[in-house]
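A quick write-up on the structure given underneath.
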Amino acid sequence: MNENRMLGSRALDLMQHVGLIIVAVATVIAVALEVNTMWQARNVTLADLLLMFIYLEVLAMVAIYLRSGKLPIRIPLYIAIVALARYLILDMKGMDNWRLITVAGSALVLALAILAIRVGHTKYPYDKDDGGH
């Protein structure tokens, strides 16, 4: 019975690593396509740069997870904030006031969540045995 659990656990770990490598390779391809698009257009916009930062954060998230086996929840929140900022930059002219306030408010809520997580980790650190999960 114990051998079956170990084998199942190893199989899941392998699938998880394969999935992470697929995400990393797809992200690198997306970066290359975006750079090619900027090169062909001979123009780099703020929206392009923010998209590149999103790609870099995804790669950082994969690297951290592969190194430590843990996924800091803050990284996806950072990605979401940058994505909302990019959305605002791209579509601001076509947005009505309520949509603009909603998107900006969403970014604020995410920033406050990050702050709460940081304060929580400082005031109430995890036990070493808990592993931070």
Closest non-hydrogen atom pair between Leu110 and Ala80, with its separation: CD1-CB, 3.6 Å
Nearest-0.5 Å distance, CG of residue Leu51 to CD1 of residue Ile89: 11.5 Å
Over 12 foreign heavy atoms within 6.0 Å of CZ, Phe53: no
Any Lys70 side-chain heavy atom under 4.5 Å of Ile64 side chain: no
Pairs meeting criterion side chain to side chain donor-acceptor pair (under 3.5 Å) with involvement of residues 36-54, two or more places apart: Thr45-Asp48
Linked, directly or transitively: Met52 and Val44 (ILVMFWY side chains, under 4.5 Å): yes
Atom pair CG/CD1 of Leu59 and Ile54 - distance to nearest 0.5 Å: 12.5 Å
Any donor-acceptor pair under 3.5 Å from Ser9 side chain to Arg5 backbone: no
Minimum heavy-atom distance between Val82 and Leu50, given as atom pair plus value: CG1-O, 3.5 Å
For Ala107 against Leu84, the heavy-atom pair lying closest together: N-CD1, 3.6 Å
Gap between atom CZ of Arg74 and atom CD1 of Ile81 - 0.5 Å precision: 11.5 Å
Leu20 with Val25, same ILVMFWY side-chain cluster at under 4.5 Å: no
Transitive ILVMFWY side-chain link Ile75 to Leu77, under 4.5 Å: no
Pairwise side-chain contact, Met15 with Leu12, heavy-atom cut-off 4.5 Å (strictly under): yes
Exercise: identify the closest heavy-atom pair between Ala47 and Leu90: CB-CD2, 3.3 Å
Over all atoms of both residues, closest heavy-atom pair of Met61 and Ile79: CE-CD1, 4.0 Å
Spatial distance of atom CG (Leu56) from atom OH (Tyr78) [nearest 0.5 Å]: 15.5 Å
Shortest non-hydrogen separation from His17 to Leu66 and the atoms involved: CD2-CD2, 3.1 Å
same_hphob_cluster(Ile114, Ile117) at 4.5 Å side-chain heavy-atom cutoff: yes
Hydrophobic cluster membership, Tyr65 vs Val18, 4.5 Å side-chain cutoff: no
Note, Thr27 side chain near Val23 side chain (heavy atom, < 4.5 Å): yes
Residue pairs, two or more places apart or on separate chains, that pass side chain to side chain donor-acceptor pair (under 3.5 Å) and touch residues 87-102: Tyr87-Arg99
